[in-house]
Amino acid sequence: MSKSLNHLLQDVRIWQGHKPQKHASPAEHTGYQVLDNQLGGLGWPKGALSECLLDSCGIGELHLVLPLMQKVARQGKTIFWLNPPHTPYAPALARAGVNTDQLVLVQTHDSADFLWTLENCLRSPVTGLVMAWPGKLATRDIRRLQLASEAGNNVCILFRERRQAEQHSPAALRLELIPGEHQDLKINILKRRGSWPGQRCTLALGHRAGIQASDPTGVIQGPWSQDGAT
């Protein structure tokens, strides 16, 4: 085998389906061992795009990313929120151990502005994590973002509509998120670099949201008196 061909086959972006990946791509653990196990013991890939595909926001997707936010903030790296559907609640993030001084919220007005901003966030040396809600993206735009992510070598998570799972994407990791019936989150791995897709797991998130598993109503009790007195 020629030297150049052998070098090409060692590239982590070349998937050889008949053999396991020899060199693990750099990644950040998700903070959930059951999910990391399904991701080959790795987690969120660095220098590559990840996609979380879901039908609606507020099903636990931020709890999924919370351990990574905590780690990135401790490292003194910046966490960019780009076009989130709701304003992040800073007191809750602070209580969860995320240094809010490391958070930057950006809202853009059109798709061109969004792509330019996201690309520059990904290339910035201060960036540790980018979370973005892009809406509709053309495949060529995702390729452009993938190149920017490779240049910055940080973690980028795109939250997209679940129906966009049918669109071809160069993202290294694609997760389908489905809410469970007991404050849990079902995760189906649609794509992961270097291995077959199809793995799945369920994360219990009720304890993170302050909901007791024994409470079938899922109602969070307030600090007021139970007898109605103020």
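- Using a 4.5 Å heavy-atom threshold, the side chains of Arg162 and Ser56 count as separate.
- Residues Val155 and Leu82 fall into different hydrophobic clusters, defined by Ile, Leu, Val, Met, Phe, Trp and Tyr side chains chained together at heavy-atom separations under 4.5 Å.
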Steps toward side-chain contact (heavy atoms from CB on, under 4.5 Å) verdict (Arg200, Asn188) = CA-CA 4 Å; Arg200 60 189 62 199; Asn188 299 327; 3.4 Å; yes
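- Using a 4.5 Å cut-off on side-chain heavy atoms (C-beta onward), Leu39 and Tyr32 make no contact.
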Evaluation steps, side-chain contact (heavy atoms from CB on, under 4.5 Å), between Asn120 and Phe80 = CA-CA 11 Å; Asn120 280 274; Phe80 287 98; over 6 Å; no
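- Taking CD of Glu176 as the reference point, atom CG of Leu54 lies at 10.0 Å (rounded to 0.5 Å).
- Between Gln102 atom CD and Gln70 atom CD the span is 14.0 Å, to the nearest 0.5 Å.
- Cluster annotation: Ile189 and Leu158 are assigned to distinct hydrophobic clusters (Ile/Leu/Val/Met/Phe/Trp/Tyr, side-chain heavy-atom contacts under 4.5 Å, transitive).
- The distance from atom CD1 of Ile79 to atom CG of Asp101, rounded to the nearest 0.5 Å, is 11.0 Å.
- Residues Gly60 and Leu185 share a closest heavy-atom pair of O-CD2, 3.9 Å.
- Two residues are said to be in side-chain contact when any heavy atoms from C-beta on lie closer than 4.5 Å; Leu175 and Ser50 fail this criterion.
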Could you list the donor-acceptor pairs under 3.5 angstrom formed between side-chain atoms of residues 122-140 and any protein atom two or more places apart in sequence or on another chain?
unit_1, atom_1, unit_2, atom_2, d
Ser124, OG, Val126, N, 3.3
Thr127, OG1, Cys121, O, 2.6
Thr139, OG1, Gln167, NE2, 3.3

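- Annotation: the span from Asp36 atom CG to Thr30 atom OG1 amounts to 3.5 Å, rounded to 0.5 Å.
- Taking all atoms of both residues into account, the shortest heavy-atom contact from Pro45 to Leu173 is CD-CD2, 3.9 Å.
- Closest approach of Arg174 to Leu53, counting heavy atoms only: NH2-CD1, 4.1 Å.
- A continuous path of hydrophobic side-chain contacts links Leu35 to Leu62 [ILVMFWY only; heavy atoms under 4.5 Å].
- Considering only heavy atoms from C-beta on, Leu105 comes within 4.5 Å of Pro88 through its side chain.
- In the hydrophobic cluster analysis, where Ile, Leu, Val, Met, Phe, Trp and Tyr join through side-chain heavy atoms closer than 4.5 angstrom, Phe159 is grouped together with Leu93.
- When side chains are defined from C-beta on, Leu177 counts as touching Ile187, because their heavy atoms get closer than 4.5 Å.
- Of the inter-residue distances, the one linking Leu147 atom CG with Ile142 atom CD1 reads 12.5 Å to the nearest 0.5 angstrom.
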Tell me, with the steps shown, if Cys52 and Leu64 meet side-chain contact (heavy atoms from CB on, under 4.5 Å).
-> CA-CA 10 Å; Cys52 288; Leu64 175 62; 4.3 Å; yes
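- Contact detail for His86 and Cys57: the closest heavy-atom pair is NE2-SG, 3.6 Å.
- In terms of hydrophobic clustering, with Ile, Leu, Val, Met, Phe, Trp and Tyr side chains grouped at heavy-atom distances under 4.5 Å, Val104 and Ile157 are assigned to different clusters.
- Residues that satisfy the salt bridge (charged side-chain N to carboxylate O under 4.0 Å, His left out) test with Arg160, not counting sequence neighbours, are Glu51.
- Closest approach of Thr78 and Val72 over heavy atoms only: O-CG1, 4.3 Å.
- Shown here for Lys191 and Ser169, the closest heavy-atom pair between the two residues is NZ-O, 2.7 Å.
- Legend: residues meeting salt bridge (charged side-chain N to carboxylate O under 4.0 Å, His left out) with Arg163, ordered by chain and number and at least two apart, are Glu161.
- Asn99 contributes no side-chain N or O that, together with a main-chain N or O of Gly76, makes up a donor-acceptor pair within less than 3.5 Å.
- Distance check: Glu28 CD to Asn154 CG gives 10.0 Å after rounding to the nearest 0.5 Å.
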